[in-house]
Amino acid sequence: MTLKSRTKIVDLLKKGEVGTEVVAKGWVRTRRGNKNVAFIALNDGSTIHNIQIVADVAVFGDDFLKEVGTGACIKVVGTLVESPGAQQPVEVQAKSIELYGKADPASYPLQKKGHSLEFLREIAHLRPRTNTFSAVLRIRHAMAFAIHKYFNDKGFFYIHTPIITGSDAEGAGELFRVTTLDINNPPRKENGKVDFAEDFFGKESKLTVSGQLEGELAALALSEVYTFGPTFRAENSNTPRHLAEFWMIEPEVAFYDIEDNMDLAEDFLKYLIRYALEHCKDDLEFLNKMWDKELLERLNSVASISFERLTYTKAVEILEKADVKWEFPVFWGADLHSEHERYLVEKHFKKPVILTDYPKEIKAFYMKLNDDGKTVKAMDVLFPKIGEIIGGSQREENHEAITKRINELEIPMEELWWYIETRKFGTAPHSGFGLGFERLLLFVTGMGNIRDVIPFPRTPNSCEF
RNA sequence: UCCUCAUUAGCUCAGUUGGUUAGAGCACCUGACUGUUAAUCAGGGGGUCCUAGGUUCAAGUCCUAGAUGAGGAGCCA
């Protein structure tokens, strides 16, 4: 028998092998009992549920059992039996217990009672051992897996786009610099500016804010691709919806117009939500009970309802007619603020909304210009509670049009020569979008703060662990 | 970055109009209990009231500045 030999608690609880000897390993959640018998709730992270270990005090001794308290890690060999208690189908009558690691009860920070999410963030090294956080992590895994499954089943190829980039032309926010220069004494040019020709790459380099531009290069060869990787924004954003380091999914598809793009986005989101409802039932029920009483109802609703689709122009008309005093004025050409988006999703339509055809001035250079010359084929998917969960567009594939737009916005053309060349050689209509993975998880788990759906959040002034 | 609020025991939080020795629940320790279910019951230990100034006979409480956290806004995914 090797060290890894054990039955996972999720399998023990399926009640398959009653009467047989089993080995369970895990971390003690609580211990209670009397002078004759101790009950140990054991969890190994395979499920939200614990297995109850029953240990006779006469066999194991009071002093030993005292060490098997909250937080300790143990190996238990015993018989799986039907439980006389009402709250669990089976339990393990312990024959032997090996203490892998004790946890001093006076200093172990996790109690059997609940903690605030703020406190748990301060002990991110231990919070995976809580019910809430282990549930979130299992759902996070399930969603990552479902994303790959969805695209793989549809014949999309997973493209690894670079994390270090030499271009900052995408315009999606402030970038983190990557350098090997001595920041206390960098080489300088005659004009006093830092000489990045002497840096590792011979030029300035940054952490990527998006894999989209490279994804487009791949789509214009492999037709259907997606990226799924970390992205970095050095914005000083302090909100429950922003991270400095987050994961993004970016499908990019040749021969898709904006309608196809919207169909893909809606189908994709519904698939993921249905996958969670089907595969993460116990964890979602726990989160529903613990944090968000409307979670399951909301997930079921969004999974089946048809998203509302309308143009930016129509949305502005609705907002202008609305009997609401806006903090930010609404007029054609103004960017929509979260109060406007929330009104459309939560009050007016009461379901997810896809807004399209925004004024070109408030959108990025790569979006395809409409025939009206004023709007671009952009699409934002707005969700209840979250706001913008997806942003995407049909891309400008016309060489003349995209160089004109780049010049208008005074984006340095020489940094994008490779991107522009795809429009020169065998260009094709294509579309894509970006989905923030943690924003998806906020919606699926019902958690209120994005720092609680990623194991180790990076935010301004916070890079512990 | 801006606005608002918060910071008191390991955790969650009370603390009245500025007034004696700062409290509770949980956790922890000791004991009781023949199968518990966030076990229960009894007892015990535990405090730089975020920090630095200030006002006052007297400050956890009022004022100023700062630190940290949270919510809202902006930026966005």
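Note on naming: letters A, B, ... go to the chains in the order of the sequence lines (proteins, then strands), and numbering restarts at 1 for each one. What's counted below: heavy atoms across the whole structure, side chains too, no hydrogens, waters or symmetry copies.
In terms of position along RNA chain B, the nucleotide closest to A:K35 lies nearer the 5' end than the nucleotide closest to the other residue of the pair A:K35 and A:N461. Residue A:N449 is the one, among A:N449 and A:A244, whose nearest nucleotide of RNA chain B lies closer to the 5' end (criterion: closest heavy atom).
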Inset, instruction - Whenever both distances are under 3.5 Å in a Watson-Crick or G-U wobble pair, mark it; put RNA chain B into dot-bracket that way, with [ ] for crossing pairs and | when the partner is on another strand. - result: (((((((..((((.....[...)))).(((((.......))))).....(((((..]....))))))))))))....
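When heavy atoms are screened at a 4.0 angstrom cut-off, A:G85 is found touching base atoms of the nucleic acid. Contacts of A:Q111 with the nucleic acid, taken as non-hydrogen atoms under 4.0 Å apart, include base atoms. At a threshold of 4.0 angstrom between heavy atoms, the contacts of A:F443 with the nucleic acid are absent. Base engagement by A:Q52 is indicated by at least one non-hydrogen atom pair under 4.0 Å involving a base atom. Using a 4.0 Å heavy-atom cutoff across all strands shown, A:L243 reaches at least one base atom of the nucleic acid. Using a 4.0 Å heavy-atom cutoff across all strands shown, A:R29 reaches no nucleic acid atom at all. Residue-level contact check: A:E91 touches the bases, meaning some heavy atom is under 4.0 Å from a base atom. Residue A:I389 is in sugar-phosphate contact alone, with no base atom involved, counting any heavy-atom pair closer than 4.0 Å across all strands shown. Note on A:P109: nothing from the nucleic acid sits closer than 4.0 angstrom, heavy atoms only. Across all strands shown, A:A41 has no heavy atoms under 4.0 Å from either base or sugar-phosphate atoms.
Rounded to a whole angstrom, the distance from the P atom of B:G44 to that of B:C26 is 14 Å. Annotation: B:G60 and B:A6 have their C1' atoms spaced 14 Å apart (nearest Å). Taking atom P in both B:C41 and B:G25, the straight-line distance is 11 Å, to the nearest Å. B:U64 and B:A22: their C1' atoms are spaced 25 Å apart (whole Å). Nucleotides B:C28 and B:G10, compared at atom C1', are 8 Å apart to the nearest Å. Separating the P atom of B:G15 from that of B:G74 is a span of 34 Å, rounded to the nearest Å. Straight-line distance between the P atoms of B:U8 and B:U51: roughly 10 Å, to the nearest whole Å. Look at the C1' atom in both B:A14 and B:U56: the space between them is 26 Å, to the nearest Å.
Atom pair A:R121:CZ and B:U68:C1' shows a separation of 14 Å (rounding to whole Å applied). When rounded to the nearest whole Å, the span between CG of A:D63 and P of B:C29 equals 13 Å. If you take NE2 of A:H115 and P of B:G25, they are 18 Å apart, rounded to a whole angstrom. Rounded to whole Å, atom C1' of B:C76 lies 8 Å from atom CZ of A:F246. If you take CG of A:D104 and C1' of B:C29, they are 12 Å apart, rounded to a whole angstrom. Note: CG (A:L126) to P (B:C11) measures 14 Å, nearest angstrom.
Annotation: cation-pi geometry satisfied between A:K270 and A:F307 (NZ/CZ under 6.0 angstrom from ring centroid, within 45° of ring axis).
Candidate nucleotides B:G74, B:U1, B:C28 were compared by shortest atom distance to the side chain of A:A106, and B:C28 ranks first. Distances from the side chain of A:R241 to the nucleotides B:G35, B:A73, B:U12 place B:A73 closest. Counting only heavy atoms from C-beta on, A:T239 has its side chain closest to B:C75 among B:A39, B:C75, B:A77.
With hydrogens and angles ignored, no donor-acceptor pair under 3.5 angstrom links the side chain of A:S237 to the base of B:C76. Side chain A:R439 to base B:C76: a donor-acceptor pair is found below 3.5 Å. Counting atom types as modelled, A:H242 pairs a side-chain N or O with a base atom of B:C76 as donor and acceptor under 3.5 Å. Put simply, the side chain of A:E327 and the base of B:G74 share no donor and acceptor less than 3.5 Å apart. A donor N or O paired with an acceptor N or O is not found under 3.5 Å between the base of B:U40 and the side-chain atoms of A:N34. Applying the 3.5 Å distance criterion, the base of B:U36 shares a donor-acceptor pair with the side chain of A:Q88.
Note that CD of A:E388 is 4.0 Å distant from CG of A:D380, once rounded to the nearest 0.5 Å.
Side-chain nitrogen and oxygen atoms of A:N238 include none within less than 4.0 Å of the OP1 or OP2 phosphate oxygen of B:G74. Checking the phosphate oxygens (OP1, OP2) of B:C11, no side-chain nitrogen or oxygen of A:S116 falls inside 4.0 Å. Between A:Q87 and the phosphate of B:A38, there is a side-chain N or O to OP1/OP2 separation shorter than 4.0 Å. The side chain of A:R32 contributes no N or O atom lying less than 4.0 Å from OP1 or OP2 of B:G35. Close to B:U36, at under 4.0 Å from its OP1 or OP2, lies no side-chain N or O of A:R31.
Between A:K374 and A:K360 there is no side-chain heavy-atom pair separated by less than 4.5 Å.
Using cut-offs of 30° and 60° on the angle between ring planes, the pair A:F64 and A:F60 is parallel.
When only modelled atom types and interatomic distance are considered, A:T231 and A:R233 share no side-chain donor-acceptor pair under 3.5 Å. With 3.5 Å as the limit, one finds a donor-acceptor pair spanning the side chains of A:N370 and A:D357. A:S210 and A:E250 are linked by a side-chain donor-acceptor pair at a separation below 3.5 angstrom, with hydrogens and angles left out of the test.
Looking only at distances, no side-chain donor or acceptor of A:D267 sits under 3.5 Å from a matching main-chain atom of A:L264.
The residues A:D257 and A:K377 are annotated as not salt-bridged, no charged nitrogen and carboxylate oxygen being separated by less than 4.0 angstrom.
Here the rule is ring pair (Phe, Tyr, Trp, His ring centres under 6.0 Å) with A:Y150, and of A:F228, A:F145, A:Y226, A:F268 only A:F268 fits it.
Near-neighbour residues of RNA chain B inside residues 337-356 of chain A, defined by a heavy atom below 4.0 Å, number-ordered: A:H337, A:S338.
Here the closest non-hydrogen pair linking A:I40 and A:R31 is CG1-CG, 3.9 Å. Looking at every heavy atom in both residues, A:M248 comes nearest to A:V209 through CE-O, 3.7 Å. Heavy atoms only, all atoms of each residue included: A:R458 and A:F465 are closest at NH2-O, 2.5 Å.
Between A:F39 and B:A39, no base-stacking contact is recorded for ring centres under 5.5 Å apart and planes less than 30° from parallel.
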